Every structure is written in C-alpha cells, then in structure tokens.
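Computed from a prediction, not measured in an experiment: that's the story for all the values here. All residue numbers in this chain count up from 1 along the given sequence.
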Amino acid sequence: MQPSVIELSIIVPTYNERDNVERVVAALDAALPGVRWEVIFVDDDSPDETFRKVCSLAQRDARVRCIRRVGRRGLASACIEGMLASCAPLLAVMDADLQHDESLLPRMLDALRSDAADLVIASRYAEGGDTGDWSAERKRMSLMAARVARWTLKTELTDPMSGFFMLRRRCFDHCVERLSGIGFKILLDILASTPEPLRILELPYRFRTRQFGESKLDPKVQLEFVWMLCDKTLGRFVPTRFIAFSAVGGIGILVHFAALWLLFKIYLLDFLVSQTGATLIAMTGNFALNNAFTYRDRRLRGWAWLRGWLSFVLICSIGAASNVGVAAYLFHSHQERWVLAALAGVLVGAVWNYAVSSVFTWSVPGRMRP
C-alpha cells in the first residue's frame, strides 16, 4: 500500500533541545489527529547531540525527519533548509522549546485549506494574545522591535516578529531566492522578500514558559535583527556585509588614533614605531571584530584564526598602499579637491580589503567570491 501523501511539514530548528524532541512529537500527534503531517528537525550539530535523539525517534516514527547541519548556524537559515527539504503544499515553523502553542495548528491549517489566507501568523500581540511571564524589559524590547519591523515592512501586523506561523509552499517558493537567511526572524525575512502581497491572518496565542533547556536569546539576536533589516533596506544597493565591514573599519580608525596617542604621547616611543604599532593594533582589532560579527557564519578559530590574521594584515597592507596611491594620483591632478582625492583612496582601499579578505581570509570551501 502506498503511504499517505504529506499535507503539512512542520519545520523545527534545534540547538541543544535533546530533552524536548519527544515532547514536541507527542504534542504534534495530539494536536493534529487525522492530518497527514511530518516534522523536520533541523539541528545545527548540537553539542548535546539532539540529532541523535531525532534519528532514534525517526527509526520508530516515519513522520519524523532529521537534517543535521555541520559548520552552519542560524535559525532563519535552518528554517529555509527545512522548507527546501519538504515537498508538502503547506509549511509551518515553530520552536522546539514548547513555548509555541501547538493546539493552534489546526486553526492555521483550516484557514489555509479554506483559502482564507496565504500566511497565518500566531500573534502574541493580537487581541487575546499574551507574552506569558516575560519581564517588562523583554516585552518592551520586543514591542520596540515589532514597531521597527512594521515601519520597515510598511505593514499593520501586530506581530511581524513571530516565530510561529504557517504558509503555502508556493508563497515560500516565490520568495526563497530573495531570502537573506540572516538571524532568528525568518517570518520577517519572508515578509520583506515576498514579491507579491500576501493574504495574512493573525491568530492570538499565549507564549508559554520554557520547561526544559536554555533560552537562546542574547545580544547576538539583537545584532542579527539589525543586520537583517539592513539587508532588506540597503542590501539592494550595497552588500550588507560590506556595510558591516566598513563600520568595523570606522571603529578601527578610532582604535588606531587611540593606540598612536598612547604609544607616542604616553610611552614616548619614536613616531614611526608608534605608527607601526598602532596600525597593527587597529588591524588586529578590525580582524577580531570582523571575525566575530561581519563573518560570524565563517568564523575562524584556533590555528585558522592566526592564519586568517596574517592574511588579513597582508591584504590590508596592500589596501593601504592602494589607498595612498589613488589619493596621491588624484591629488596631483586636482589639488583643489584634496578631500575627494582622500575619500577616493579610502573607498578603493576599503573595497580591496573587503573583496580580497572575503575570498582569502574568510573563504567558503568551493566558492571563490565575497
């Protein structure tokens, strides 16, 4: 007998959620009687070996699937990979921490089946919704992020930052090539990337308290939210990674002058020695910041960090020479426009440093482009 065709794929990104896997499957089983569903756990190679727990369960339940990602991290990109691995006409995304109310899934499913919507969002802020036991500070920050998202998207949705939603596969297919895959907010990414207006329905729900495991919220989540908004607003004109790279370069200038003042004025070293030392300190600071933030998805560790630092210093040294060369040439041609000459030199040096370090310092195996 041919197995039933899957109608709904539920994508569950995981990282250190071993204790929640069986509970999630049991909750879905209770919430979706009579529905042809599957759950795809996308695990970012969790240290607690969540993937092994999923695979063990998959041996007993054909509705359970596992994607283990090695060398890749991020909730949004995990959701994208999970959706791409599904052939179901309907796709849902929910967390593995049991804070999303799975009993809402049938109502989401009914809305799509009846063609009342293309996308159904579980909202904490719609009338009847609740954030549960959140602290006042966390709720304030969430509301502020939601306001920024609404302004960016020019939408009146109450919860564009929700991590719990269901949509039609064709809606995902239409926007998948535009998705950035940055950060933790895949819904915001989809809303900002869709080429056509979607019929959206919001359903209220109460955000539960996590019972097992640890929250993944940290300052990195906020940074990636800003990163993703930059990508959706400025990314069409300038690569977002180049913006971050340039911002780090601006910090590097401040670090350079602070180190130069310390070495030259406080320690009374020779100016050339002080300038050389300040340059190395600034390059090292730039490398560390870029490694931690700009290229966090390609982060270097151990000996790779040292090799990366050496290549970055060499690349930036050539970039500095290019900066000076271009500025000097333009200055001699148009001395009255010395500011523009200097800016041109800075731009050439920045583009060189970004392009070449993307290829050689933070290279991606099998891909030789920034």
Side-chain angles (χ1 to χ4, degrees), residues 6-13 20 23-40 75-76 79 82-83 86 88-134 138-139 142-143 145-150 152-172 174-175 184-194 196-211:
I6 298 297
E7 179 184 18
L8 171 66
S9 289
I10 302 139
I11 315 303
V12 182
N20 285 329
R23 294 180 175 89
V24 168
V25 175
L28 293 175
D29 192 40
L32 296 168
V35 178
R36 301 183 306 278
W37 62 271
E38 67 176 355
V39 58
I40 303 176
L75 186 146
C79 291
M83 292 180 185
S86 165
L90 302 177
L91 304 167
V93 171
M94 62 183 293
D95 289 346
D97 53 18
L98 300 171
Q99 292 180 299
H100 292 157
D101 185 359
E102 71 288 339
S103 67
L104 197 61
L105 288 170
R107 290 181 60 195
M108 293 176 154
L109 187 58
D110 288 342
L112 297 182
R113 280 174 170 173
S114 65
D115 200 31
D118 299 312
L119 168 65
V120 184
I121 301 171
S123 172
R124 297 158 293 186
Y125 302 118
E127 185 177 353
D130 192 358
T131 55
D133 63 352
W134 280 11
R138 180 177 177 185
K139 186 171 182 178
S142 176
L143 286 169
R147 282 195 293 270
V148 172
R150 281 194 294 271
T152 302
L153 297 171
K154 296 179 175 57
T155 180
E156 296 302 320
L157 293 173
T158 63
D159 199 357
M161 304 287 288
S162 178
F164 184 21
F165 59 92
M166 188 183 297
L167 79 164
R168 300 183 189 281
R169 149 149 242 106
R170 60 176 172 79
C171 298
F172 171 73
H174 287 168
C175 71
F184 283 65
K185 299 302 178 182
I186 180 60
L187 174 62
L188 186 60
D189 201 354
I190 290 172
L191 291 171
S193 303
T194 184
E196 58 189 29
L198 299 177
R199 295 173 300 156
I200 302 174
L201 174 66
E202 288 189 291
L203 298 176
Y205 84 107
R206 187 178 194 279
F207 197 78
R208 293 171 177 162
T209 301
R210 172 185 275 273
Q211 299 297 318

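Separation of atoms CG (L91) and CE (M83) is listed at 5.5 Å; rounding is to 0.5 Å. Interatomic distance, CZ of F164 versus CG of D159, reported as 12.0 Å (0.5 Å rounding). Rounding to the nearest 0.5 Å places CZ of R36 at 12.0 Å from OG of S9. Atom CD1 of I121 and atom CE of M161 lie 12.0 Å apart (nearest 0.5 Å). To the nearest 0.5 Å, atom CG of residue L28 and atom CD1 of residue I10 are 4.5 Å apart. With values rounded to the nearest 0.5 angstrom, Q99 atom CD is found 8.0 Å from D133 atom CG.
At least one donor-acceptor pair under 3.5 Å links the side chain of S114 to the backbone N or O of A111. Remark: the backbone N or O of L112 is paired with a side-chain donor or acceptor of R168 at under 3.5 angstrom.
In plain terms, the two heavy atoms of L167 and F172 that are nearest each other are CD1-N, 3.9 Å. When all heavy atoms are compared, the tightest approach of A116 to R199 is C-NH1, 4.3 Å. In plain terms, the two heavy atoms of G82 and I40 that are nearest each other are O-CD1, 3.7 Å. The shortest non-hydrogen separation linking I186 to A76 is CD1-O, 3.9 Å. When every heavy atom of G129 is checked against every heavy atom of P204, the shortest pair comes out as N-CB, 3.4 Å. Of all heavy-atom pairs spanning A96 and P13, the tightest one is CB-O, 4.1 Å.
More than 12 heavy atoms of other residues, nucleotides or ligands shown are found within 6.0 angstrom of CD on E196.
With sequence neighbours left out, the side chain to side chain contact (heavy atoms under 4.5 Å, CB included) criterion links L198 to D118, L119, C171, T194, I200. In this structure, the side-chain hydrogen bond (donor to acceptor under 3.5 Å, both in side chains) partners of S123, at least two apart in sequence or on a different chain, are T158. For D110, the side chain to side chain contact (heavy atoms under 4.5 Å, CB included) partners are R113, not counting sequence neighbours. Taking R169 as the reference, D173 meet the salt bridge (charged side-chain N to carboxylate O under 4.0 Å, His left out) condition, with sequence neighbours excluded. Listed by chain and residue number, D101 satisfy the side-chain hydrogen bond (donor to acceptor under 3.5 Å, both in side chains) test with S103 (two or more places apart in sequence, or in another chain). Residues passing the salt bridge (charged side-chain N to carboxylate O under 4.0 Å, His left out) test with D95, sequence neighbours excluded: none. Applying the side chain to side chain contact (heavy atoms under 4.5 Å, CB included) rule to A31 yields the partners E102; only residues at least two apart in sequence or on another chain are considered. A search for salt bridge (charged side-chain N to carboxylate O under 4.0 Å, His left out) contacts involving R206 returns D130, not counting sequence neighbours. For the ring pair (Phe, Tyr, Trp, His ring centres under 6.0 Å) test, no residue two or more places apart in sequence or in another chain qualifies with F165. Residues satisfying the side chain to side chain contact (heavy atoms under 4.5 Å, CB included) test with R150, not counting sequence neighbours, are A146, R147, T155, P160.
Contact check for V93 versus L187: no side-chain heavy atoms found under the 4.5 Å cut-off. Contact of the H100 side chain with the S162 side chain is not registered, since no non-hydrogen atoms from C-beta on lie closer than 4.5 Å. With a 4.5 Å cut-off on side-chain heavy atoms, Y205 and R124 count as touching. Put simply, the side chain of T131 reaches to within 4.5 Å of the side chain of Y125, judged on heavy atoms.
The only option from V35, I6, L109 that meets the side-chain contact (heavy atoms from CB on, under 4.5 Å) definition with L90 turns out to be L109.
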Residues D29, W37; criterion side-chain contact (heavy atoms from CB on, under 4.5 Å); working and verdict: CA-CA 9 Å; D29 192 40; W37 62 271; 4.3 Å; yes
